[in-house]
Structure formats: C-alpha cells, structure tokens
Amino acid sequence: MDKIIVKGGNKLQGRIPIAGAKNACLTLMPAALLTAEPLTLTNAPRLSDIRTMTELLESLGCEVARLQDGQVLAMGCKQITNHTAEYDIVRKMRASILVLGPMLARDGHATVSLPGGCAIGARPVDLHLKALEAMGAEIELRDGYVHAKVDGRLKGAEFEFPVVSVGATENALMAATLAEGTTVLKNAAREPEIVDLADCLIAMGAKIEGAETGTITIHGVEKLHGATHRVVTDRIELGTYMLAPVMTGGSVELIGGRRDLVGAFADKLEEAGVEVEETEDGLRVTRNGAGLKPLHVVTEPYPGFPTDLQAQMMAMLMLADGESVLEEKIFENRFMHAPELQRMGANIVVRGGTAHVHGGTPLKGAKVMATDLRASVSLILAGLAAEGETSVSRVYHLDRGYENVVEKLSACGADIKRVDE
Ligand code: UD1
C-alpha cells in the first residue's frame, strides 16, 4: 500500500489548478439514469469514487466512456437492464444511494443496498426515503436493501426536510423531474453541487426553480433528453489548497477558484490574518510570515462553514497564536484526525462535538494514518508545516477525493512524494 512522505518547512509559491467537484460529479452521474439519451460531463475529476460510481452505473446497464484521460464522461442509458444496486458496490461509497431516485422515477422500481455505517457517524438515509414516499413511492427495507416501487409515475408533492441533507435533496430533486405534477422541496440543501445538478437537469429538459434558495419547485415532465454539462469547481479541493500557503508561508494562486464557492471559509481565513484576493484566473492566497489569529468555527450547511473543510482548518489552527474552538454540527464523529494530529505535537482537546485547539506548539513530523478522506489531507497540510518527515499511510482515503496531490503541491515547491510501502 502506498504512503505519502512530506518534509516540512518549504515555502509554497506557484499555481494549483482546481478540478471539477467530486460531490457534484457523484450526483450528476446518476442523472444519466433519467434519460435514454446520452449525458456527457466535462471537467470530471479523476478519482476512485468516480470509478466506483462508473462501476455502479455499468452494473445497472449504462454505458460509460472515459474520454480525455477521464476528464470527460460520456454516459448513455438506453435502458436500465438491472434495477438493483448491490451491496458490494454500495458499501464502498454512500453516494451510491443517489441511483435510487432516478431509477424509481424512470421505471417505477428500484432496489438499493443500505450503505451501512461509515467512519464519520451513523449517516442514515431515512430522509431520502421519506421524500420519495411523499411522492407516492412504496418503500420496504428487507435483507439490508431498500426496495422501492410506485404504480405508474411518482406524484408531485410538498415535502419539508426536517434537517438539511445534501444527498436527500439530490435524490428527491432528480426523482421529481419525472414526477406527475409539481413538487416543492422545503428546507432543501443549497450547496453549489445542488445548483450544479439543477443546472444540468434543466439542460436535460427539467423545469426547476429556486435551487439556490432552499425552496426548490420542480414541475415534472414526461421525459428528459440528453445534454452536455461542465462540472462545477470543487470547493473542498479549493479550500484545502487555499490552506497550503497558509501552513508554510508563501503565496499560491488557485486556478479556477471562485470566492462565492468558499465564502464562509475565505472569511475565516481573512479573520485569521490571511490575504485572499480574486484574480483573473481564480483566487490568490498569501501569508507573509505574520502570525495567525485563533478562530471560532462552527460547521453548518452551505452557505455556512463546510464540514468537509473542518479537518483541514484544524491543521491550520494548530499554528494560530492561542486557543481556537471548532464546533462540528453536521457529523457526530468527525474528529478522528485529532489524535493523529496530536502525534505531530498538536495540543487538541475534543469534548463531544467541540474541539479546542491550543495553537502554537511546535509541530514535529511523525508516522500518521489517514482515517477518512478529509482527515487524510489535513495530515498532509500539517506535514507541510512540521519539522522533519511526516509519513501518511492509508492514502486510499485520499485517492477518493484528491487527484495528483503530490504533483500539485510539489509544483509549488513542497517536498512531498508517494512511495510504495
Ligand atoms: C454530502 C457530501 C459530504 C458532506 C455532506 C455535508 C456527497 C457525496 N457527500 O454527504 O462530503 O460532508 O454532504 O455537507 O455529496 N441525515 C439524516 N438522514 C438522511 C440523510 C442525512 O439524518 O437521510 C443527516 C446526516 O447524518 C448528517 C446530516 O443529515 O448529520 C447531513 O448529511 P447530508 O447532507 O445528507 O450528507 P451527505 O449527502 O451524505
């Protein structure tokens, strides 16, 4: 198994291109199930999660061609030949549940394995199912699978999510495009990935209003057609690399970056004393040796501070002058990176959903282990700032969400390599 070795201390200077969003691509791909015509995605990221979704769609009867080294995905689903998403694929990736709504809406039945537990908390799928039930689906849980069916078409309905859920909003939104009548989704997620999905569905002929507002109105149509859609920039990859020059000092331009995608995060960087400026090609982040102020950060649904940048922010706050507080409000068990960061000399105290980070203790390279996707990259960020060598094992977590990490960081002067253990 591979590991990543980082030698800390180098200032970073240069440009990092930001890829298309993993989480947008993972919901845009199942949208191909909604139509018999081809759906082509450009600016797709090259990641193992995307390969898993490819495998899942192929198992259902779709054709998926990876063109231009995987940056273009040409999908065609003339017919869904198998309506069961098997446990062996679903267990690898929770986003597999996103095939449920499209298959049910198109053919009136679908069976999807329950995703099971996951490292960052219970992560149930009850809201996905409730929203589909509100549209007339009959759902039964049997043998670890969700069995869903509907007589004829789904029916437009009004549904209010009790908690904001990105995945449940995506499933319901896709299903509602082919329902009979109008659906109104209230307290819906409004992440940029939701807006991107709505834009793609509209290009496919769907009638959708308000995707960026939290109340989405969908007028169902009988059929959707093919389209070509460019995947939105990955705001989590963007935020992650915005931290690279903060960890080391220096200045890096993030190509394709957009401030509106990372508003709450960029505000926090500025509050800490980091410079963030918009450029013609993206965003530039600069830290010129000055100290960092401690912060109070609370994770929230968009447009609040994203939970997917919490681990990386913790790495930065280890360098701040004083005590910072990180409150995790989305997932109950998302501080597994804290003990690993402590191995590098960090002073972090976790109490329930709150982490107190006492910044300013010198960081030392160590052997650490990635525990999940975002945790893995927080260890690399910490390694950039630590004295000596940090080796990060279990990098398959990293491969799920970050393409060419080593190339992107070394192009800016980082001492980082990937080795076979
Ligand atoms: C998506 C992202 C993930 C991100 C998360 C929150 C993808 C592929 N993944 O995950 O990277 O961290 O949004 O921004 O896009 N919940 C329920 N019942 C449900 C569904 C969710 O109680 O049926 C709860 C969850 O346990 C969690 C909260 O709702 O506490 C938000 O989860 P959700 O927004 O659904 O996350 P995902 O869509 O799984």
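Just so you know, ligand 1 is whichever comes first in the structure, and atom 1 is the first atom listed for that ligand.
Backbone and side-chain nitrogen or oxygen atoms of Asn23 are examined, and one is located within less than 3.5 angstrom of a nitrogen or oxygen of ligand 1. For ligand 1, the polar-atom distance check against Asp126 finds a nitrogen or oxygen pair separated by under 3.5 Å. At least one N or O atom of Leu127, backbone or side chain, sits closer than 3.5 Å to an N or O atom of ligand 1.
For Arg230, the CZ atom sits in a loose shell: 12 or fewer heavy atoms of surrounding residues, nucleotides or ligands are nearer than 6.0 Å. Within a 6.0 Å radius of CG in Asp151, other residues, nucleotides and ligands contribute 12 heavy atoms or fewer. Around the NZ atom of Lys155, the shell of radius 6.0 Å holds more than 12 heavy atoms that belong to other residues, nucleotides or ligands.
Contacts between Val166 and ligand 1 below 4.0 angstrom, taking non-hydrogen atoms only, involve backbone and side chain alike. When non-hydrogen atoms are compared, ligand 1 lies under 4.0 Å from neither the backbone nor the side chain of Met53. Heavy atoms of Ser165 found under 4.0 angstrom from ligand 1 belong to the backbone as well as the side chain. Neither the backbone nor the side chain of Glu193 has any atom closer than 4.0 Å to an atom of ligand 1 (non-hydrogen atoms only). Contacts between Phe331 and ligand 1, counted as non-hydrogen atom pairs separated by less than 4.0 Å, involve the side chain only.
Scanning all heavy atoms of the two residues, the minimum distance from Ile89 to Ser96 falls at O-OG, 4.1 Å. Taking each heavy atom of Arg46 and Glu403 in turn, the nearest pair found is N-OE1, 2.6 Å. Nearest heavy atoms, Met75 versus Ala32: CB-CB, 3.9 Å.
Checking Leu197, Val195, Leu261 one by one against Val232, the side chain to side chain contact (heavy atoms under 4.5 Å, CB included) holds for a single residue, Leu261. Among the candidates Asp308, Thr371, Asp372, the single residue satisfying the side chain to side chain donor-acceptor pair (under 3.5 Å) test with Arg334 is Asp308.
For ligand 1, the atoms closer than 4.0 angstrom to any heavy atom of Gly167 are 35 (O), 38 (O). Distances below 4.0 Å separate heavy atoms of Arg334 from the following atoms of ligand 1: 12 (O). Here is the list of ligand 1 atoms found below 4.0 Å of a heavy atom in His128: 23 (O). Annotation for ligand 1: atoms under 4.0 Å from non-hydrogen atoms of Ile330 are 27 (C), 30 (O), 31 (C).
A heavy-atom distance below 4.5 Å is not found between the side chains of Leu47 and Cys25.
Judged as a side chain to side chain donor-acceptor pair (under 3.5 Å), and not counting sequence neighbours, Glu58 has no contacts.
Using a 4.0 angstrom heavy-atom cutoff, Gln310 does not count as in contact with ligand 1.
With distances taken over non-hydrogen atoms, the option nearest atom 22 (O) of ligand 1 out of Ala95, Pro115, Ser96, Pro124 is Pro124. For atom 31 (C) of ligand 1, the choice among Thr307, Leu373, Leu309, Val164 with the nearest heavy atom turns out to be Val164.
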